[in-house]
Amino acid sequence: MKKGLFLVSVVAAAMLTSCGSVVQPEQINVNPSPLAVVGNKVNADITGTFPVKKFDKKGILTVTPVLKFDGRELVGETATYVGEKIKDNGTVVKFKEGGKYSQSCSFDYDPAMAKSELYLRFTAKKGKKEIEIPEVKVADGLVATAKLAQAEDNQTVLTADKFQRIIQEMQEADIKFLIQQSNLRSSETGSQEVKNLQAAIKDANDDEKKAINKLEVSGYASPDGGMDLNTKLADQRQANAQKFLQQQMKKDKVNAEIEANTTAEDWEGFQKAMEESNIQDKELVLRVLSMYSDPEEREAQIKNLSNVYKTIADEILPALRRSRLILTTDLIGKSDEEIQQLVKEDPSQLNVEEMLYAATLTEDKEEKKAIYQKAAEQFGDFRAYNNLGMIYFEEGNIAEARRAYNKALEIEPNNADVNYNAALAAMADGDLDKAEEHLGKAAGTSGDLKAAQGTLYTMKGDYKAAKEAYGNSATNNAAVQQILDEDYAGARQTLNNVKEPNATTAYLLAVVGARTNDRDAVYSNLKVAVERDAELKAKAQDDIEFAKFAEDEQFAAIVK
């Protein structure tokens, strides 16, 4: 290809020489060749030489890169070269010595550039005479493999509901006893607290939406007096309270097991009561508790604090001489069938957790969207907007996905998962600056933040940073980066480890095959790719990665 370009250059130079000896550059080299997209730009550095004793001392030559594709052309910046006797602006080319030609060009990427040609357009001038020279093609095609790194290769993150079918509630009541006594007093068994507990037990037994999970009766003694006495008191208090509760349950026709527990000396309750009290010198008492673990030593040391012990005996210890009745109730939520019916007929009867949970009960995306939209309207919950955005993103409706994510971020601007999702949508929309902003707020996301950062860096053309970000990630995007680094063995291994390979996975394996001259890999993988996505046939036909296979019958049969 370079030899052909050189011959064209010689012919044009001969024509120009006959008109005044202003010559175009020779031995033209384009880097990269073929052209390649980096980030969202197609850049090229073009070099060559001006031959000795050819460039007229009064001549002017302008060189303009032109990229042609799809019936269009993009014109780059012009470079001007002048003979040594010309005072106009431009790079001077000495007649005897000749000179070097160097020029860069940059074009905004367009997918239609897959089939493109880079030309140099010349205009020569000597005095008042201006001559156009036939343009010269210097590069073919465009390697756009970097564009196979897509935001959609990253998995979006669902913000989950907190729906619980069974929610537990706990209710307690204390029956207090006099010092060194275990007999029940009507003032205690008839207290409003005990009555409320009895009513709750009956309600949990009778209501079909409730169930008694556990019923406990614990007996306690305060940590004063001997251990034997306190053990006996705690056991008797527990037994008497349990007997009382069983009698009440029998009246209410409640049948439930009672779990019995006793604590002979309630040091834990004592410490808690002290911490919550306003007793003078309580810190001194608490220090004694931390210093001594033996119950008898603790009691002796506290009694030695004569100034404070009387207050403890009056204000703290009486509350510890008790039996505690504890009811744990299971509140049974709506069934899946009930939730599904209500979300269709009367969603106002569902709370936000039930509504979000309802969306998980269907695989129909339209149903999911409708549920999340209702939840968003009814509760203004950021999770509804985020999950709605996920569905739009999966459908390829990036504009609606971004709108939904922005709504979620209005409510929870620093939520890591929503920012992560919003970054993916911004990438898919080509808004890389916004994507970077969102990723900066996505630390702690349950999504693969490093892979998303790698995708962003690849899209921006920062391949070194992308490589570091991907690490050992086994994704299509990570493989794209390896292909760009010419690490074909690594790319092949990465693609073989992709958990859910798709059409792009197979297409990239075909690209690796093409770059390593493995015809079988090209054909076998390209066949899989087009079977999974028929639109890849047209892409493969125009893809310069497969240029040397374009005339093969087997290749043509796959992409036709």
Side-chain angles (χ1 to χ4, degrees), residues 167-198 200-201 213-245 258-329 444:
I167 300 173
Q168 289 190 341
E169 286 186 348
M170 186 177 289
Q171 191 166 336
E172 301 178 356
D174 281 350
I175 297 176
K176 296 184 179 66
F177 299 87
L178 297 176
I179 187 171
Q180 295 187 3
Q181 293 185 22
S182 60
N183 57 296
L184 296 174
R185 295 176 291 161
S186 59
S187 59
E188 290 296 314
T189 57
S191 70
Q192 190 61 51
E193 187 179 60
V194 172
K195 288 180 179 179
N196 290 343
L197 183 73
Q198 289 175 278
I201 293 171
N213 179 280
K214 184 163 50 171
L215 191 55
E216 303 170 76
V217 177
S218 299
Y220 298 87
S222 60
D224 59 322
M227 179 62 76
D228 291 342
L229 175 61
N230 286 337
T231 300
K232 183 178 180 181
L233 283 171
D235 289 344
Q236 289 174 340
R237 288 168 180 172
Q238 189 282 325
N240 290 342
Q242 180 171 335
K243 183 177 179 182
F244 162 76
L245 188 59
I258 296 177
E259 184 178 307
N261 298 291
T262 58
T263 302
E265 293 190 350
D266 189 11
W267 285 108
E268 184 177 335
F270 177 82
Q271 180 172 337
K272 182 179 179 183
M274 285 300 301
E275 289 171 343
E276 295 174 352
S277 75
N278 295 317
I279 293 175
Q280 188 176 6
D281 295 329
K282 75 174 184 178
E283 295 301 329
L284 183 60
V285 176
L286 292 171
R287 196 175 305 123
V288 169
L289 294 180
S290 66
M291 290 173 61
Y292 301 98
S293 59
D294 180 75
E296 292 183 4
E297 184 67 25
R298 276 182 169 181
E299 185 179 351
Q301 292 295 332
I302 292 172
K303 285 182 177 179
N304 286 338
L305 304 172
S306 56
N307 292 336
V308 73
Y309 186 74
K310 186 178 185 307
T311 305
I312 291 173
D314 291 341
E315 297 182 13
I316 301 296
L317 298 179
L320 303 180
R321 300 163 187 141
R322 70 201 190 283
S323 283
R324 173 158 289 178
L325 316 180
I326 306 173
L327 168 67
T328 303
T329 303

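These numbers were taken from a predicted model, which means no experiment stands behind them.
For the pair R298 and Y292, the cation does not sit on the ring face, since its NZ or CZ is not both under 6.0 Å from the ring centre and inside 45° of the axis.
Crowding of E259 atom CD: a count of heavy atoms from other residues, nucleotides or ligands under 6.0 Å exceeding 12. Atom NZ of K232 has 12 or fewer heavy atoms from other residues, nucleotides or ligands within 6.0 Å.
Counting heavy atoms from C-beta outward, L245 and L215 have side chains that approach closer than 4.5 Å. Within the 4.5 Å cutoff, the side chain of R322 has heavy atoms near those of the D266 side chain. Residues Y220 and E268 have side chains not in contact (no heavy-atom distance under 4.5 Å, counting atoms from C-beta outward). Side-chain contact between L197 and E172 is absent, with no heavy-atom pair separated by less than 4.5 Å. Under the 4.5 Å side-chain criterion, counting only non-hydrogen atoms from C-beta, R185 is in contact with L178. The shortest distance between side-chain heavy atoms of M274 and I279 falls below 4.5 Å. Using a 4.5 Å heavy-atom threshold, the side chains of L317 and P223 count as touching. A 4.5 Å side-chain heavy-atom check between L284 and V308 finds every atom pair outside the cut-off.
One distance of note links CG of D281 with CG of N307; it measures 7.5 Å at 0.5 Å rounding. With rounding to the nearest 0.5 angstrom, the CD atom of E299 is 10.5 Å from the CG atom of N304. Here CG of L320 is found 10.0 Å from NZ of K176. Values are rounded to the nearest 0.5 Å. Rounding to the nearest 0.5 angstrom, the gap separating the CG atom in N230 from the CG atom in D235 is 11.0 Å. The line from CD of Q242 to CD1 of I258 is 4.5 Å long, rounded to the nearest 0.5 Å. Taking CZ of F270 as the reference point, atom CD1 of I302 lies at 4.0 Å (rounded to 0.5 Å).
Side chain of Q171 to backbone of L327: no donor-acceptor contact under 3.5 angstrom is found. E188 places no side-chain N or O within 3.5 Å of a backbone atom of F177 that could act as its donor or acceptor partner. Of the possible donor and acceptor atoms, one in the side chain of E193 sits under 3.5 Å from a partner among the backbone N and O of D174. No donor-acceptor distance shorter than 3.5 angstrom exists from the side chain of R324 to the backbone of E216, with no hydrogens or angles considered. Between the T231 side chain and the A264 main chain, no donor and acceptor come within less than 3.5 Å of each other. At distances below 3.5 Å, at least one donor-acceptor pair connects side-chain atoms of D294 with backbone N or O atoms of E297. No donor-acceptor distance shorter than 3.5 angstrom exists from the side chain of R237 to the backbone of G219, with no hydrogens or angles considered.
A234 and T263 get closest at one heavy-atom pair: CB-O, 3.6 Å. When every heavy atom of N213 is checked against every heavy atom of Q168, the shortest pair comes out as ND2-NE2, 3.2 Å. Taking every heavy atom of both residues into account, S323 and Q238 meet most closely at OG-N, 3.6 Å. Taking both residues in full, the closest heavy atoms of A221 and L233 are given as CB-CB, 4.4 Å, listed atom of the first, atom of the second, then distance. Among all heavy-atom pairs drawn from P295 and E265, the shortest one is CB-OE1, 3.4 Å. Here the closest heavy-atom approach between residue I316 and residue S277 is recorded as CD1-CB, 4.2 Å.
A side-chain donor-acceptor contact under 3.5 Å links R321 and S222.
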